[in-house]
J.: 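This is the structure I have questions about; it appears just below.
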Amino acid sequence: MSTIASERQAASRFVLPLSSDGEDASDARLTLEVCRKQVPAFEQMLTCVASEFDVYWRALEVRTLLHLPRMARPDGTVALAAVMAELRRNAEQLRSDHWEIKDLVPEPGFLLSDLHFVGLASHQANQIFSRLHYLRSARHGSINFALVDPLNHLPVTLCSVSPLDWVRVGRQLQTQFGVPSGAAWEVSRVYSHRGAPKFAISQLLSKVRQVLAQEIPEAEVLTTAVDPNLGFQGTSYRAANWRQWMSIEARPYLYVDRDYASPRQLRATWGSANLEQLGRQNPDVLFEKSGPKLLDSLIFCCRLRDVTEVVPIPERRRVRR
C-alpha cells in the first residue's frame, strides 16, 4: 500500500458518525486532520463543490482549511454540514475573486521550459495576491518575481520576498546558525495558477535565490514559514534544496466577520490585533479566533551562496511565540 493510501486509511478513523446504526448521520463530524489529509469524506465534497463553481480545487481546499478552525470544537471536529457550507462559501468567493482579475489569469498548458523568469511589478503582483492567494493580501514593500507565459507575459507562478521582520525567527537564525541581524530575507507569498507546470514553484525559488545572491550582497539566507494546518509540507522548497531548520509555535487564526485576517492585516486596518479590545470598540463587527490546537509552522531556509546544511531532527529548535 502506498504512503498516501496508508495515511488516508488511518485518517478515516477520525470521521465521527454519531448514528447508532453505523451510517452517516446529519450530525456526523470530521476532524481537521481528516480534512488536511483529503480522505474520501472530505475529498468528495471538495471535488463536487470545486466542479460546481468551476474553481481550482487546490485553491478552494487551502482557503477552506484556513477557515474551518473558526467553527471547530476544541477537539478539532467540525460538523459535515458546516464543512460543506464553508466549502461553498469559499468557492463562491474564489470564483468572484478570479473574475475580478480574469485579465491577469494565464491560459494553462505551457511547459516549464516555455516560461520566462522576470521581476514583477508590484501593482500586478498585489492584485493577484490580494485576490487569489489564500491570505487574500499582499506583503507591501516586497520585491516580486514570476515565471510568465511566452504569449501574453502573464504570471503563471509568482512570489514576493522581503527582509525578514520576524524577530524570534531572526534571533534563532543568529544564535544557532550565525546569520547576522538583517542578513535574512523571507519568501512571504507564493502562488501558482491552475495548470502551472510541475516544479514551477521550485524553479521560481531557484531563480530568486540566484538573483538575491547577485544583487543583494548583505543577504545571506532565505527563509519561509510552511503551515501544515493547510496541507502544506514544504515539497516545493525541498525540491529547490531548502531545508527545515526549525519550527515555530502555532498561534490561533484570527477572523473578522468570518474571514481570516492576519495580525498584520488587523493592525493595518483596525489599529490593533487585540480581539477583545476590537470587539468592544466595534460591536457591529464579529471578531473571532480559532479554538482547536493548531500544528506548528515549519521554518524552511536556504543559504544564498553556500550549501544549505541539513539540520537533524533533534537539533531543530521549536521557537515559542
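Predicted, not measured: the structure shown is a model, and the values here were computed from it. Computed from heavy atoms alone, side chains included, the values below leave out hydrogens, waters and symmetry copies.
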J.: Could you tell me whether Gln277 atom CD has more than 12 heavy atoms of other residues or ligands within 6.0 Å of it?
T.: yes
J.: Considering non-hydrogen atoms only, spot the tightest contact between Leu68 and Val78 and give its length.
T.: O-CG2, 4.1 Å
J.: Taking ring pair (Phe, Tyr, Trp, His ring centres under 6.0 Å) as the cut-off, I'd like each qualifying pair that reaches into residues 263-320, sequence neighbours left out, listed once.
T.: Trp270-Phe287
J.: Under 6.0 Å from the NZ atom of Lys198, do we count more than 12 heavy atoms belonging to anything else shown?
T.: no
J.: Flag the pair Trp242 / Val226 as yes when at least one side-chain heavy-atom distance between them is below 4.5 Å, and no otherwise.
T.: no
J.: Measuring only between side-chain heavy atoms, which start at C-beta, is Val55 closer than 4.5 Å to His98?
T.: no
J.: What I want to check is whether the side chains of Tyr134 and Asp227 have a donor and an acceptor closer together than 3.5 Å.
T.: no
J.: Just grab all the ring pair (Phe, Tyr, Trp, His ring centres under 6.0 Å) pairs involving residues 43-91, residues at least two apart or on different chains.
T.: His67-Tyr255
J.: Identify the two heavy atoms, one from Phe199 and one from Ser202, that lie closest to each other, and give their separation to 0.1 Å.
T.: O-OG, 3.0 Å
J.: Count the heavy atoms belonging to other residues, nucleotides or ligands that lie under 6.0 Å from CD of Glu107, then report whether that count exceeds 12.
T.: no
J.: Taking the side chain from Glu220 and the backbone from Gly178, do they hold a donor-acceptor pair closer than 3.5 Å?
T.: no
J.: So, applying side-chain hydrogen bond (donor to acceptor under 3.5 Å, both in side chains) with Ser137, which one of Arg131, Arg189, Arg264 is it?
T.: Arg189
J.: Of the options Asn229, Val169, Ile248, Thr224, which is the one that meets Ser297 in a side-chain contact (heavy atoms from CB on, under 4.5 Å)?
T.: Ile248
J.: Below 4.5 Å, heavy atoms only, C-beta onward: do Leu204 and Val208 meet side chain to side chain?
T.: yes
J.: Determine, stepwise, if the pair Arg29 / Asp75 fulfils salt bridge (charged side-chain N to carboxylate O under 4.0 Å, His left out).
T.: CA-CA 11 Å; Arg29 306 184 70 80; Asp75 65 358; 5.5 Å; no
J.: Side chains of Ser96 and Glu92: does their closest heavy-atom pair fall under 4.5 Å?
T.: no
J.: Side-chain contact test, heavy atoms from C-beta onward, threshold under 4.5 Å: evaluate it for Arg243 versus Cys301 and give yes or no.
T.: no
J.: Does atom CD of Glu276 have more than 12 heavy-atom neighbours, drawn from other residues, nucleotides or ligands, at distances under 6.0 Å?
T.: no
J.: Any donor and acceptor pair, going by atom type alone, linking the side chain of Arg209 with main-chain N or O of Arg303 inside 3.5 Å?
T.: yes
